[in-house]
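Structure first, commentary second.
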Amino acid sequence: MVSENDSLVPFSFLLWQCLRNEDTQWQSLSPSMAQKEEAAAAAEPASQNGEDAENLEDPEKLKELIELPPFEIVTGERLPAHYFKFQFRNVEYSSGRNKTFLCYVVEAQSKGGQVQASRGYLEDEHAAAHAEEAFFNSIMPTFDPALRYLVTWYVSSSPCAACADRIVKTLNKTKNLRLLILVGRLFMWEEPEVQAALRKLKEAGCRLRIMKPQDFEYIWQNFVEQEEGESKAFEPWEDIQENFLYYEEKLADILK
């Protein structure tokens with residue numbers, strides 16, 4: 001976790017205030033999205049973070065991969081640009097994206113109105129706890145009852161059923177916590193168990209929303225490493241707007 005200056009604080013509060021006035025000037029969803037994304041998924045790299053896939057036909061390399069020890073939770077202030085471009089891309093067919101990236105902003109407000117803010121990111125791996133659970137285990141294991149907490153997550157995909165259950169339990173026992181989750185994609189949204197878990201999140205008071213193009217730009221500016229030679233301006237990928245509308249419609253159907 002890293003402390004932020006005052007310029008970070010108003011953003012999340014403004015974001016929460018603007019949720020009731022969502023922008024309605026979005027274009028209609030194109031019916032060709034599934035075909036486009038299916039073709040795009042076929043061209044996606046097979047590795048976890050978008051690097052070139054290893055040659056698994058090599059017995060020695062395959063043996064090395066099998067013998068790797070369990071992965072750990074990775075934390076930091078900013079994630080590499082190529083991780084963001086691959087993991088946060090809001091595609092429908094998320095081939096190769098088998099882990100979760102969670103960027104967070106925590107604002108703790110005292111009764112006197114003073115706000116302390118911090119931010120960072122979590123990345124989970126196969127054999128470790130999921131990023132959502134790791135947040136409550138490592139980043140915020142306890143809550144001061146004298147403070148009011150406003151937490152915003154920017155997550156590459158929505159929680160699985162087990163993580164959603166952990167979030168619900170935390171919200172139910174922590175009355176001074178408000179949680180807003182913005183997701184790039186919906187995880188296994190066709191499964192009844194996952195749909196029920198997302199509805200329980202809403203019932204527990206969690207605000208769940210699909211990321212707009214502006215949200216991806218915010219992540220790029222505030223959570224992504226700006227390496228020398230990299231373009232500092234966010235460059236939206238093809239169909240980012242179309243895919244947002246696709247997932248927004250699916251989430252609205254689930255939560256209604």
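Below, each value reflects all heavy atoms present in this structure, side chains not excepted, and no hydrogens, waters or symmetry copies. Computed from a prediction, not measured in an experiment: that's the story for all the values here. The first residue of the sequence shown is numbered 1, and numbering continues consecutively from there.
- Side chains of M140 and T170 form no contact here, defined as non-hydrogen atoms less than 4.5 Å apart.
- Not counting sequence neighbours, F187 has no partner by the ring pair (Phe, Tyr, Trp, His ring centres under 6.0 Å) test.
- Minimum interatomic distance between R89 and E238 (heavy atoms only, all atoms of both residues): NH2-O, 4.0 Å.
- With N176 contributing its side chain and D144 its backbone, the two residues share a donor-acceptor pair below 3.5 Å.
- Closest approach of E107 to A117, counting heavy atoms only: CG-CB, 4.1 Å.
- By the 6.0 Å contact criterion, CD on E193 is open, its count of non-hydrogen atoms from other residues, nucleotides or ligands being 12 or less.
- The CG atom of L122 sits 5.5 Å away from the CG atom of L102 when rounded to the nearest 0.5 Å.
- In this structure, CG on L201 lies 10.0 Å from SG on C163, to the nearest 0.5 angstrom.
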Pair Q214-F234, side-chain contact (heavy atoms from CB on, under 4.5 Å): steps then yes or no: CA-CA 10 Å; Q214 298 96 313; F234 173 64; over 6 Å; no
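- Across all non-hydrogen atoms, the minimal contact from S158 to V183 is CA-CG1, 3.6 Å.
- Here the side chains of Q195 and R199 are in contact, with some heavy-atom distance below 4.5 Å.
- When side chains are defined from C-beta on, F216 does not count as touching F244, because their heavy atoms never get closer than 4.5 Å.
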When you look at F223 and F101, which way does the ring-ring contact (aromatic ring centres under 6.0 Å, His included) test go after all the steps? CA-CA 11 Å; F223 293 99; F101 281 75; over 10 Å; no
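- Taking CG from N137 and NE2 from H130, the interatomic distance works out to 12.5 Å, rounded to the nearest 0.5 Å.
- Residues Y246 and K250 form a side-chain contact, since some pair of their non-hydrogen atoms from C-beta on lies under 4.5 Å apart.
- The two residues Q241 and P213 have their closest heavy-atom pair at OE1-CG, 3.5 Å.
- A heavy-atom distance below 4.5 Å is found between the side chains of R209 and D215.
- No side-chain donor-acceptor contact under 3.5 Å links D165 to the backbone of A161.
- Between E132 and T100, the closest side-chain pair of non-hydrogen atoms falls below 4.5 Å.
- The aromatic rings of Y218 and Y154 lie tilted to each other, with the angle between the two planes from 30° to 60°.
- To the nearest 0.5 Å, the span separating CZ on F88 from CD1 on I219 amounts to 4.5 Å.
- In this structure, CG on L186 lies 4.0 Å from CD1 on I210, to the nearest 0.5 angstrom.
- When every heavy atom of A81 is checked against every heavy atom of V224, the shortest pair comes out as CA-CG1, 3.5 Å.
- Side-chain contact between I167 and F136: present, with at least one pair of heavy atoms (C-beta onward) separated by less than 4.5 Å.
- Remark: K200 NZ is loosely packed, at most 12 non-hydrogen atoms of other residues, nucleotides or ligands lying under 6.0 Å away.
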Go through the steps for W189 and Y247 under the test side-chain contact (heavy atoms from CB on, under 4.5 Å), then give the verdict. CA-CA 10 Å; W189 60 268; Y247 278 122; 4.3 Å; yes
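- With R148 contributing its side chain and P145 its backbone, the two residues share no donor-acceptor pair below 3.5 Å.
- Minimum interatomic distance between L177 and V151 (heavy atoms only, all atoms of both residues): CD1-CG2, 3.6 Å.
- The closest side-chain heavy-atom distance from L208 to K202 is not below 4.5 Å.
- Atom CG of N90 is separated from atom CD of E242 by 10.0 Å, given to the nearest 0.5 angstrom.
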